[in-house]
Undergrad: 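First the structure, then my questions, so here it is.
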Amino acid sequence: MNKSIDERLRGFPAALAEQNELNAVIADISDQAIARVNGQKGPLADYLLAIKDNLNLVETETTCASRILKDYRSLYTATAVQRLLDAGAHVAAKTNLDEFAMGSSTEHSCEGPARNPHNPELVPGGSSGGSAVVVATGLVDAALGSDTGGSVRQPAAFCGLYGLKPTYGRVSRYGLVAFASSFDQIGVFAGTTELAARVFESIAGHDSLDSTTSDQPVGTFAYEEEQARRITIGLPEEYDNEGVDREIRERRDDLVTRLKNDGFTVKGISLPHTDYGIAAYYILTTAEASSNLARFDGVRYGYRSPDGQNLEAMYTNTRSSGFGPEVQRRIMLGTYVLSAGYMDKYYIRAMRVRRLIRDDFLQAFKEVDLILTPTTPSFPFPIGGKVDDPLTMYLSDVFTVPMSLAGVPSMNIPVGHGSNQLPIGLQLTANYFNEETIFQLSRFIEQQYTF
Amino acid sequence: MAILERWEPVIGLEVHAQLATNTKMFCRCKREYGASPNVHTCPVCLGYPGALPVLNQQAVEFAMIMGLAVDCTVRGLSRFARKNYFYPDLPKGYQISQYDEPICEHGKLTFLLDDGASKTVGITRIHMEEDAGKNIHGDGNESYVDYNRCGTPLIEIVSEPDIRSPEEAHKYLERLKQTLEYTGVSDADMEKGNLRCDANISIRPRGAAKLGTRTEMKNLNSFRGVERGLMYEIRRQIKLLENGAEVEQCTLSWDDHAGETRLMRSKEEAHDYRYFPEPDLVPLIIPDSQVQAIEAALPELPSAIEERFSKQYGLNPDDIRILTRTRELAGYCEQVIGAGANPADAAQWLQGEVMRVLNEERENITEFTMEPEQLAGLIDLVATGSINRNTAKTVFDRMLEEGLSALEIVTRDDLGQVSDAESIEQAVRMVLENNPVELERYLRGESKLFGFFMGRVMAGTRGKGDPQTVKSALQRILAEMHPGA
């Protein structure tokens, strides 16, 4: 057994206590990690990891930061988590999130908000905020999150990390508590490109328990500068507008200039249906969520309201007090858009938009290998700043949602800090199953430039 | 029913059949009827957070077999959809079903009515879905749920509104059940809930083209229930119409015990199931080659066997209907014929002695211990006159008890028929000599005493005498004594 891992695991509760105010962890499971230590080998044997608390790990509680899953214990282990363990990883914590991964700030948690380590008054981003925080503070080396519309990339940007959302179908969703099944992908937070790639490769690949996984082979990332230099980069005009913070735009322009100077081909491209992304995303994901969350009914597990004269009342009271306001908002919205008479107007049209957005990306990837955009239009915002204004909150996902609609892989890379000392992130997006291309350019930027 | 001269019922049936797969539709849990509650469950069929469905390929194959057996087209691409509603027996809060892109479409089913007329009913579609669990209500306020059935593969077979009477509905259902059994895709046992039937019913004036307002009737779960339930609802609707009232669209439930329906929900209370494509499953792609392979491997269907029984064996429609009810019985019958028995004799034996034994023992033909060749051997002994019919029944019983062939038993027990003229004549003369009073009466004209003498002679041969030979010997000898009698 690796000595430093042993020390780190034993010191984990104390280290966690030191960052208590960040509220990033829902469950310290380092004792289980210690019990599991058995001279692990494998690519992740030297690393401490955390997983978002919407991933099942047998004999742990999986709360999804929701009251409705009170006392629910996992009967089984998610495929991605099992693969981490098989790769030798030491999984020490389950991290805070927006309830059922619905949110962009990790404020919508029954455990209270997580805080940004760069400034505890600010949000760490979400919904995988807890996973971002524990990697940013060095409590763990890498973490799993889930990304439905930016829930890995945006907190990675807010916390200054590499944060990958793989191609839809790359990583098994078996054991990930579903928010929106046709969008959800388990993603990775890490402090380096290299480790992000290692973790990704450990968890990716076909799984007979998830019919939507692809059998595309998963490569092993090996950085090659010459290969990186041949990558052509596209800048979509739709992502360049006044709504984006000036410093974030300048940082992107600065990076583009450096890449051009280093001989990269950089082209202007268009993703013409970008503007419709947010609307389509919130229709489709809430529709799926309204159905996915129907199973939390108080009958078999989790919380059941003690008030209920009959079945109907038991359902209503359980779900009204078990789910938080953001989840209830999305369930209602999703139920509405699927209702008779509204289905065609909303759901069917949103599906059409989804196809158009996918076609935008396919068209763009005929010309370029990677698309470079800001990850977020703004810096991390204050805790409580947007909670009462869901629409503004939803718009903070404007640059991450299109990739989720299309299902293409996309990663936040940290590119230094703004004058406010807060991290700036940019987003690299590749064609389906080309995570490797993202890693190549990410590593090049990581190695060649300082910001 | 006189009112049916003015009014025409229009009926469509929706039949759910559980598929006889080894495991459930979307997980590997065993599919078993009657096990202790909740032993066949797992995170997938219990709808635990994060669990995902994986489609059972055997279920797909069975759905295709049934589709092809009723002349459906199999779609190259079909899709699963979620049907959303809350109920404790539905752990995910939605049922995985198929909606606008079902696996099979555009089929038909042909069957015979009691008057011998042939009827064809269109099959709109066959789609796949998963069964729910079972709510069990306790003595007090408690309810329990058994999820063993949850996730059992089902096909729903939806007919066109081509059915015009409860009798037609009954025959359609019977034919459907028979086809499910022949193809082996379902156990189709209504008592075990393998086969469940709902109906859509409307009434229109005879000759009208426009359909009336329909009601949906659930829980028609026996053949008797289908006929009674439909008749009840037809009468109810006609009565409304005759009184100038209107039929209101609603969902009813048939209570077979009480012999009446009760309202489940009115049109206003109708569920909005919010169907949308199931994102956890990929579209089901079925290549032509697979359809062709399954079609080529289809077993012989009831209609084809019926035709063969008629043309090849010359059996009459009543015999055919009974003998082809199950594939096993039809197969047994063919084996008996194949072993040399005359088809009509085989049919008679099967419907007589064989069915009597099966009924007594509450057995299925597959559990019947007598080999078809043995039965054919017995039939042969009767046909060649080696034993008579009555003796044959005794031999049949002994064969079943002892597992020996007919010939072995006849030889061992000396049951061979006595047909040589000399010994029979001797027996006749002995009976007449021993019964002088009766002979005297007969000769004076009491001709009904002929039966008395027949019986005595047969008894004298211990039943082995060939009745025909006995009869002609008796007639000849009596005639000699009294030429005018």
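Protein chains get the first letters and strands the later ones, always in sequence-line order, with residue 1 at the start of each.
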Undergrad: So which heavy atom on L209(A) is nearest to which on L52(B), and how close?
TA: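 For L209(A) and L52(B), the tightest heavy-atom pair comes out as O-CB, 3.6 Å.
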
Undergrad: Taking D272(B) for its side chain and A340(A) for its backbone only, find out whether a donor-acceptor pair lies under 3.5 Å.
TA: yes

Undergrad: When rounded to the nearest 0.5 angstrom, what distance separates OG in S290(A) from CZ in R82(B)?
TA: 9.0 Å

Undergrad: Does a side-chain heavy-atom distance below 4.5 Å link F86(B) with T316(A)?
TA: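 No, side chains not in contact.
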
Undergrad: How close do Y94(B) and N292(A) get, counting heavy atoms only, and between which atoms?
TA: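 The answer is OH-OD1, 4.3 Å.
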
Undergrad: Of all of P91(B), P53(B), C42(B), which one pairs up most often with chain A through heavy atoms under 4.5 Å apart?
TA: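 The residue among P91(B), P53(B), C42(B) with the greatest pair count is P91(B).
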
Undergrad: Where on L311(A) is there a heavy atom nearer than 4.5 Å to chain B: the side chain, the backbone, both, or neither?
TA: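 Contact with chain B involves the side chain of L311(A) alone.
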
Undergrad: Do you know which two heavy atoms are closest between S211(A) and V282(B), and how far apart they sit?
TA: O-CG1, 3.5 Å

Undergrad: Would you compute the distance between atom OG of S291(A) and atom CG of D280(B) and round it to the nearest 0.5 angstrom?
TA: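 Rounded to the nearest 0.5 Å, the OG-CG separation comes out at 9.0 Å.
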
Undergrad: Hydrogens and angles aside, do R300(A) and Y48(B) bring a side-chain donor and acceptor to less than 3.5 Å of each other?
TA: no

Undergrad: Identify which part of Y76(A) has an atom lying under 4.5 Å from any heavy atom of chain B, answering side chain, backbone, both or neither.
TA: side chain

Undergrad: Identify which part of T62(A) has an atom lying under 4.5 Å from any heavy atom of chain B, answering side chain, backbone, both or neither.
TA: neither

Undergrad: Does any heavy atom of chain B fall under 4.5 Å from the side chain of A78(A), the backbone, both, or neither of them?
TA: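 For A78(A), no heavy atom lies under 4.5 Å from chain B.
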
Undergrad: How long is the span from the OG atom in S182(A) to the CZ atom in F276(B), to the nearest 0.5 Å?
TA: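 CZ of F276(B) is found 8.5 Å from OG of S182(A).
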
Undergrad: Tell me, side chain or backbone of Y336(A) under 4.5 Å from chain B's heavy atoms, or both, or neither?
TA: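 Neither part, no heavy atoms under 4.5 Å.
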
Undergrad: Tell me, side chain or backbone of A180(A) under 4.5 Å from chain B's heavy atoms, or both, or neither?
TA: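 Contact with chain B is absent: no heavy atom of A180(A) under 4.5 Å.
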
Undergrad: Considering only heavy atoms from C-beta outward, does the side chain of F296(A) approach that of P49(B) to under 4.5 Å?
TA: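 Counting from C-beta outward, F296(A) and P49(B) do come under 4.5 Å.
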
Undergrad: Can you confirm whether more than 12 heavy atoms, excluding those of E59(A), are under 6.0 Å from its CD atom?
TA: no

Undergrad: Considering all heavy atoms of both residues, which atom of Y301(A) and which atom of G47(B) are nearest to each other, and what is their separation?
TA: OH-O, 2.8 Å

Undergrad: Given heavy-atom pairs under 4.5 angstrom as the criterion, report whether the side chain, backbone, both or neither of N56(A) touches chain B.
TA: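 It is the side chain, since no backbone atom gets that close.
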
Undergrad: Are more than 12 heavy atoms, taken from residues, nucleotides or ligands other than E142(B), located less than 6.0 Å from that residue's CD atom?
TA: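 Buried by this count: over 12 neighbours within 6.0 Å.
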
Undergrad: So for N54(A), is it side chain, backbone, both, or neither that comes closer than 4.5 Å to the heavy atoms of chain B?
TA: neither

Undergrad: Sort L69(A) into side chain, backbone, both or neither according to what part of it lies under 4.5 angstrom from a heavy atom of chain B.
TA: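 L69(A) touches chain B through side-chain heavy atoms alone.
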
Undergrad: Can you tell me which portion of Y72(A) sits under 4.5 Å from chain B's heavy atoms? Options are side chain, backbone, both or neither.
TA: side chain

